[in-house]
Engineer: 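Dropping a structure here in structure tokens format, bear with me for questions.
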Number of protein chains: 2
Amino acid sequence: MKKHILIYGICGGLLIVALKVIEYRFLVVEHSIEIYGGLVAAVFAAVGIWLGLKLTKKKETVVVREVPVPAQPFSVNQTRLQEFGLTPREHEILELIANGLSNREIAAKLFVSENTVKTHSSRLFDKLSAKRRTQAVQIGKESGLIP
Amino acid sequence: MKKHILIYGICGGLLIVALKVIEYRFLVVEHSIEIYGGLVAAVFAAVGIWLGLKLTKKKETVVVREVPVPAQPFSVNQTRLQEFGLTPREHEILELIANGLSNREIAAKLFVSENTVKTHSSRLFDKLSAKRRTQAVQIGKESGLIP
DNA sequence: CTCAAAATCACCCGAAAGTATGACGACAAG
DNA sequence: CTTGTCGTCATACTTTCGGGTGATTTTGAG
């Protein structure tokens, strides 16, 4: 900012000097005053425009438009995960249950036996204090364990 | 934009007229050429600055800040409800299922027999193309039928 | 009033889910 | 090396779900 003013001042000084020179030259050779005025006008207009641009260049109006995002990225609430003491496997199975898969489908997906899925889900229900898988899903969603 | 150029041109014209007047006045009364030049310089510098400001005024930086919408009031997607052809009762039962209630608990809550709940839920699953209640819940949530 | 949709209930049966118990191997921590 | 957790699997049993069928009552629109 101050730098610009300084530059502006220097330019003004230089111009005055230039004007003096021009004045004597042109006046002596009897040139019309219009050329002189036009020159001054052009130069100062240019400087003015330049100054105006410089001054407002960084003055950008920041418009903050807040956009509601319905589907946030979702990250698992690790704190709750620890509170419930869920193992990674149990958490994984909770997700699949929430997706509406049956025990058999989960078993197929994870390449384990259906019995394994049952033991996992049983322990899962215990830890979540759920009596049914739908209840587990509901608790899981509320606690931020699953999307 | 064009408007500005027009205004600028008009100003220029006016100034030339003004200059003519000033010229004769000041020349006649033998005033120094510096005052004339300074005036022109000042006016054109001002116009230049003004123009510069006008030209760059609209440099607005739009910052889009994504804000996770806190807790929407949630309203049932009536359109989807009709698409699926769910009756009020079926929709009600879907909600209770999503809350993790068993058929028996739902029956108790609605003061109907467990069989009734079963027939309702059966038709519900048919309409939602769900094979299990967990799947029905998942579909229901996706479709905005339930919170 | 009449008809259709909605809501209610019952019974049966097979499938799925959930409980209980026990067991085995892997692996990390003490 | 021992202990504990985790993941795996099995067997047996109970409960819940879901499908199918049929029937009655209620209710709202025509």
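In this text, all values refer to a predicted model and were calculated from it rather than measured experimentally. Below, chain A is the first sequence line, B the second, and so on; all start at residue 1.
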Engineer: Do B:His91 side-chain atoms and B:Leu145 backbone N/O form a donor-acceptor pair below 3.5 Å?
Structural biologist: yes

Engineer: Flag the pair B:Leu110 / B:Thr116 as yes when at least one side-chain heavy-atom distance between them is below 4.5 Å, and no otherwise.
Structural biologist: no

Engineer: Please state how far atom CG in B:Asp126 lies from atom C1' in D:dC17, giving the value in whole angstrom units.
Structural biologist: 14 Å

Engineer: For C:dA10, does OP1 or OP2 lie under 4.0 Å from any side-chain N or O of B:Ser113?
Structural biologist: yes

Engineer: Tell me the interatomic distance from B:Ile97, atom CD1, to D:dC17, atom P, rounded to whole angstroms.
Structural biologist: 9 Å

Engineer: Expressed in angstrom and rounded to an integer, what is the separation of A:Ile106 atom CD1 from C:dA17 atom P?
Structural biologist: 8 Å

Engineer: Take atom NZ of A:Lys127 and atom C1' of C:dG18, then tell me their distance rounded to the nearest Å.
Structural biologist: 17 Å

Engineer: Given that B:Thr134 and B:Glu114 both sit by DNA chain C, which one's nearest nucleotide is further toward the 5' end?
Structural biologist: B:Glu114

Engineer: Can you tell me the distance, in whole Å, between the CG atom of A:Leu124 and the C1' atom of C:dA17?
Structural biologist: 13 Å

Engineer: Are A:Arg132 and C:dA17 close enough that a side-chain N or O sits under 4.0 Å from OP1 or OP2?
Structural biologist: no

Engineer: Can you tell me if B:Ser122 and B:Thr119 form a side-chain donor-acceptor pair at under 3.5 Å?
Structural biologist: no

Engineer: Ignoring hydrogens, what is the shortest heavy-atom contact between A:Gly100 and B:Thr134? Give both atom names and the distance.
Structural biologist: CA-OG1, 3.5 Å

Engineer: For A:Phe125 and D:dT15, what is the distance between atoms CZ and P respectively, to the nearest whole Å?
Structural biologist: 18 Å

Engineer: Does a side-chain N or O of A:Arg89 approach OP1 or OP2 of D:dT8 to a distance below 4.0 Å, or not?
Structural biologist: yes

Engineer: OP1 or OP2 of C:dA10 versus the side-chain N and O atoms of B:Asn115: is any pair under 4.0 Å?
Structural biologist: yes

Engineer: Using atom CG of B:Leu110 as one end and atom C1' of C:dA7 as the other, report the distance to the nearest whole Å.
Structural biologist: 12 Å

Engineer: Can you tell which of C:dG18, D:dG7, D:dG18 lies closest to the side chain of B:Arg133?
Structural biologist: D:dG18

Engineer: Any side-chain N or O of B:Ser122 under 4.0 Å from OP1/OP2 of D:dG18?
Structural biologist: no

Engineer: Given the rule in the salt bridge (Lys or Arg N to Asp or Glu O under 4.0 Å) test, do A:Arg132 and B:Glu105 qualify, once you have shown the distances and angles that lead to the verdict?
Structural biologist: CA-CA 12 Å; A:Arg132 283 165 288 283; B:Glu105 288 167 335; 2.7 Å; yes

Engineer: Counting only side-chain N and O atoms of A:Asn103, is one of them less than 4.0 Å from OP1 or OP2 of C:dA16?
Structural biologist: no

Engineer: Report the distance from atom NZ of B:Lys118 to atom P of C:dG14, rounded to the nearest whole Å.
Structural biologist: 14 Å

Engineer: Taking for each residue the nucleotide of DNA chain C bearing the nearest heavy atom, is the 5' side occupied by A:Arg104 or by A:Thr119?
Structural biologist: A:Arg104

Engineer: Within less than 4.0 Å of OP1 or OP2 of D:dG7, is there a side-chain N or O belonging to A:Thr87?
Structural biologist: yes

Engineer: So does B:Thr116 get a side-chain nitrogen or oxygen closer than 4.0 Å to the phosphate oxygens (OP1/OP2) of C:dA7?
Structural biologist: no

